[in-house]
Number of protein chains: 2
Amino acid sequence: MPLDEFDLIKKYFDVGTISNTNVVLGPGDDCAILAPLEGQEICLSTDTMNEDIHFLSSLSGSAIASRVVAANLSDLAAMGADPYACLLAVTLNEVNENWLDQFSDTIFSILKRYSCPLIGGNVSKGPKLSITMTVLGSIPSGKAIVRSGARTGDAIYVTGSLGDAKMGLEMLRSGKELDYLVSRFCYPTPRIKEGKALRELASSMIDVSDGLLADLGHLCSASNLGAELDIKSLPISSYLKEEVGEELAYRFALSDSDDYELCFTIPKMLEDEMKRRDWSSLAPFTKIGTMIPGNNIKVLSEDRSIIEIEQLGYKHF
Amino acid sequence: MPLDEFDLIKKYFDVGTISNTNVVLGPGDDCAILAPLEGQEICLSTDTMNEDIHFLSSLSGSAIASRVVAANLSDLAAMGADPYACLLAVTLNEVNENWLDQFSDTIFSILKRYSCPLIGGNVSKGPKLSITMTVLGSIPSGKAIVRSGARTGDAIYVTGSLGDAKMGLEMLRSGKELDYLVSRFCYPTPRIKEGKALRELASSMIDVSDGLLADLGHLCSASNLGAELDIKSLPISSYLKEEVGEELAYRFALSDSDDYELCFTIPKMLEDEMKRRDWSSLAPFTKIGTMIPGNNIKVLSEDRSIIEIEQLGYKHF
C-alpha cells in the first residue's frame with residue numbers, strides 16, 4: 001500500500017525531537033505550541049523554493065534540503081537572531097522514498113546543528129516539488145539588526161566570499177559534480193554565529209540571497225542612503241578567481257549570486273572595536289565600502305573611477 | 001514593465017498594517033519581529049493549498065483566499081487560540097492583476113476581522129498556483145486544547161453543521177454558482193470565537209478539515225480511545241437535507257467534507273455547565289456521541305445497531 005500523507009509525515013518529518021525546552025507540543029496536533037521567551041522578541045521569515053525555478057530537478061534531495069534550510073536560517077542570521085523553531089510545508093508530485101530519505105536526513109541534521117526543532121508542517125500533492133519553510137528566531141528585545149539602521153559614513157562589510165554560488169550553479173549546469181564552488185551553491189552555510197556576534201555592533205544588516213548589488217540596494221533604500229564600493233576589496237575566493245579570472249569574479253560577486261553571506265554596516269565609532277575583537281572562530285569579515293548620501297550604489301575601481309555595472313539581481317517576474 | 005516580485009509584494013501583500021501592538025516590525029526586512037506575550041504560549045500551524053488539488057483552477061481569487069485563511073485560522077480555533085499574526089507564501093504561474101486584487105482584498109478583509117496582521121511572506125514563480133500560509137496564535141500558558149485529552153465517557157460535540165462543504169464542492173463542479181452550500185465550501189468560517197469559548201471546558205478538540213470520521217479518528221488515536229456516534233444526532237443543515245435527502249446528507253457529514261467546524265469532547269462533570277452557559281452568539285454546539293474504550297469509531301442508528309461505513313477522509317497519495 002502506498003504511503004499516505006500521514007504516513008509520510010510520520011516517517012520523514014517527525015523523526016525524533018530535537019531537544020529544545022521551548023517546545024511545549026511538537027508535530028501531530030492542529031498546532032504546535034511554543035513556550036514564551038522572557039525578554040525576547042520573535043523574528044519570523046518564510047521562503048519558498050520551487051523545482052525548475054530555484055533548483056534544477058536533478059539536484060539531490062540533500063542539496064535541496066541544505067539550500068532550503070540555509071535560505072531560511074540566513075534570514076534569521078541577518079537579524080542577529082538565534083534559531084528557535086521552524087515549520088515545513090512540502091508539495092510533492094510523487095512519493096520517492098529514496099529522495100525523501102535524503103531530504104529528511106539532511107533537514108534534520110542541519111536543524112540539529114542549530115538546535116532548531118521542526119515543530120510542524122504539511123505534506124501535499126502538486127505538479128512539481130515545492131518547499132516552503134517558515135523559521136522563527138529569538139532575539140533579546142530591541143536588539144534585532146534591521147536594514148534601515150545605516151547612517152552616512154558607516155563602513156560596509158560582508159562575511160565570507162562572494163560570487164562562489166553563482167559559479168557553482170553554472171558548473172552544476174554544465175555537468176560538473178563535486179567541487180568547492182559547487183558545494184558553495186549546494187550546501188550554503190547560514191551565518192548564524194556571525195549575525196549573533198554583530199549584535200550591538202552592526203547598524204544595519206541583510207543577507208546576500210539575490211546578489212550583493214540587489215541586496216545592498218534593499219539595505220540602502222531602507223536606510224535612505226547610497227553606497228560606495230571599492231571593487232578591489234570584494235572578498236573573492238581563490239577557487240573562483242582561478243576558475244574565471246579576476247574580472248569575471250568581481251562581476252559574479254556583484255551580481256545575482258546567492259551566497260547567503262551577510263552584508264552589514266558598522267558605525268565609524270565602532271570600527272576600532274571591530275578590529276580589537278577576536279573573530280577567529282567566524283567567517284572572515286571584509287570591509288568593502290562606505291554608506292554615502294543619495295540613493296545609488298557606486299562601484300569604484302582602484303583609481304576611484306566609477307565602474308558602470310547594470311544593476312543585477314534575480315527577479316521572478 | 002511587468003511587476004517584479006518586490007512590486008507585487010508592495011502592491012498586493014503589504015497594504016496597510018492591521019493595527020496590532022504585538023508587531024514590532026512588519027513586512028519588508030529579512031524577518032518580521034513580534035513582541036513577546038507575557039503568560040501566553042504561541043500556537044503555530046502551516047497549511048498549503050495547491051491548484052487542481054485543493055481547489056479548481058476556475059475558483060475565484062476571493063474564494064481561494066477565504067479557504068486558505070479559514071483552513072489556517074481553523075487550526076488555531078482547534079486549540080482555543082487567538083490569532084496573533086500570519087505569514088503567506090504565494091507561488092504564481094503568471095501575474096494576473098485582477099486575480100491578485102481579489103485575492104489580496106479578501107485575505108486582508110478576513111485577517112482584519114480577526115485582528116491577525118500579515119507580517120511577512122514570499123512571492124515566487126512556479127508551474128501552478130500554490131499558497132502556503134503559516135499562522136501564529138496566542139493562548140494563556142497551559143490552556144491549549146489538544147487532541148489527546150479525551151477520556152472515556154466524555155461527550156463528543158461539533159459546532160455548526162456537517163457535510164455542507166462537500167455538497168458545495170459537488171455543486172460547484174457541476175456548474176452551480178451562488179448558493180448556501182456553495183458558499184459553505186467557498187467561504188468557510190473559522191470557529192475562532194467558539195474555540196476560545198471552549199477553553200477550560202473541552203478536554204480535547206480538532207477541526208474537521210478531512211471529514212468527521214477521519215478527524216475524529218485522529219482525536220481518538222491521540223487520546224487512545226474509540227468513539228460511538230449517534231447518526232441521527234449529526235447536525236445537518238436544512239439546505240443539505242433538501243438537496244440530497246437524509247441518508248446521503250448523513251454520509252456527507254461523516255465523510256470527507258472540509259467544513260472547518262470544530263469537533264470536541266466535554267467531560268461528564270462539565271455537561272451541566274455546557275447547558276447552563278449562554279452560547280447564543282456562537283455557532284450551535286451539538287452533542288453527537290461519546291468517547292468509549294477501544295480504537296474504533298462506531299456509528300449507531302436510532303435502534304443502536306452499528307452502521308457499516310468505510311472510513312472516509314481525503315488522502316493525498
Side-chain angles (χ1 to χ4, degrees), chain A residues 2-5 8 24-25 28-48 50 52-54 75-76 78-79 81 85 87-89 91 95 119-128 130 132 134 137 139 141 144 146-148 205-207 222 315-317, chain B residues 2-5 8 24-25 28-48 50 52-54 75-76 78-79 81 85 87-89 91 95 119-128 130 132 134 137 139 141 144 146-148 205-207 222 315-317:
Chain A
L3 296 174
D4 71 23
E5 62 195 289
L8 284 174
V24 177
L25 185 69
D29 214 299
D30 292 279
C31 289
I33 307 179
L34 290 175
L37 294 172
E38 218 169 309
Q40 304 272 317
E41 290 170 343
I42 300 171
C43 295
L44 296 110
S45 180
T46 191
D47 216 14
T48 300
N50 295 324
D52 295 339
I53 306 285
H54 299 89
D75 281 322
L76 295 181
M79 309 300 284
L87 298 106
L88 187 67
T91 295
V95 175
I119 56 167
N122 190 77
V123 174
S124 62
K125 196 176 165 67
K128 296 259 181 189
S130 172
T132 297
T134 302
I139 183 122
S141 293
V146 297
R147 296 178 182 179
S148 57
M205 187 147 67
I206 190 167
D207 72 322
K315 292 189 172 177
H316 277 284
F317 298 99
Chain B
L3 297 175
D4 72 21
E5 63 194 288
L8 284 173
V24 178
L25 184 70
D29 214 299
D30 292 278
C31 289
I33 307 179
L34 291 174
L37 295 171
E38 219 168 309
Q40 303 272 317
E41 289 170 341
I42 300 171
C43 295
L44 296 111
S45 179
T46 192
D47 216 13
T48 300
N50 294 325
D52 296 338
I53 305 287
H54 299 90
D75 281 320
L76 295 181
M79 309 298 286
L87 299 105
L88 187 67
T91 294
V95 174
I119 56 166
N122 189 79
V123 174
S124 61
K125 194 175 167 67
K128 295 260 182 189
S130 171
T132 297
T134 302
I139 183 123
S141 293
V146 297
R147 295 179 182 177
S148 57
M205 186 148 67
I206 191 168
D207 72 322
K315 293 192 173 176
H316 276 285
F317 297 97

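So that the names make sense, note that chain A is the first sequence line, chain B the second, and so on, each numbered from 1. Quick caveat, the model's predicted, so the values are computed rather than measured.
- Closest non-hydrogen pair, B/Asp30 versus A/Met79, comes out as CB-SD, 3.8 Å.
- Heavy-atom pairs under 4.5 Å with chain B peak, among A/Asp52, A/Ile119, A/Thr91, at A/Thr91.
- Counting heavy-atom pairs closer than 4.5 Å to chain A, the top residue among B/Asp47, B/Leu76, B/Leu25 is B/Asp47.
- The two atoms that bring B/Lys125 and A/Asn50 nearest to each other are O-ND2, 2.8 Å, heavy atoms only.
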Between B/Thr132 and A/Thr48, does the side-chain contact (heavy atoms from CB on, under 4.5 Å) criterion hold? Intermediate values first, please. CA-CA 9 Å; B/Thr132 297; A/Thr48 300; 5.8 Å; no

Decide side-chain contact (heavy atoms from CB on, under 4.5 Å) for B/Leu87 and A/Leu44; before the verdict, give the C-alpha distance in whole Å, the side-chain angles of both, and the deciding distance to 0.1 Å. CA-CA 8 Å; B/Leu87 299 105; A/Leu44 296 110; 3.8 Å; yes

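- No other option in A/Leu88, A/Asp75, A/Leu37 has as many heavy-atom pairs under 4.5 Å with chain B as A/Asp75.
- When A/Gly28, A/Ala35, A/Ala85 are compared by the number of non-hydrogen pairs under 4.5 Å with chain B, A/Gly28 comes out ahead.
- Shown here for B/Ile33 and A/Ala144, the closest heavy-atom pair between the two residues is CD1-CB, 3.3 Å.
- Looking at A/Ile139, there are no atoms closer than 4.5 Å to chain B (heavy atoms on both sides), in backbone or side chain.
- For A/Val24, the part lying near chain B is the side chain, with the backbone staying farther off; criterion is any non-hydrogen pair under 4.5 Å.
- In terms of heavy-atom pairs under 4.5 Å with chain B, the best-connected choice from A/Ala32, A/Gly137, A/Cys43, A/Gly120 is A/Ala32.
- One finds the OG atom of A/Ser45 at 8.0 Å from the CG atom of B/Asn122 (value rounded to the nearest 0.5 Å).
- Contact of A/Thr46 with chain B is made through backbone and side chain together, with heavy-atom distances under 4.5 Å.
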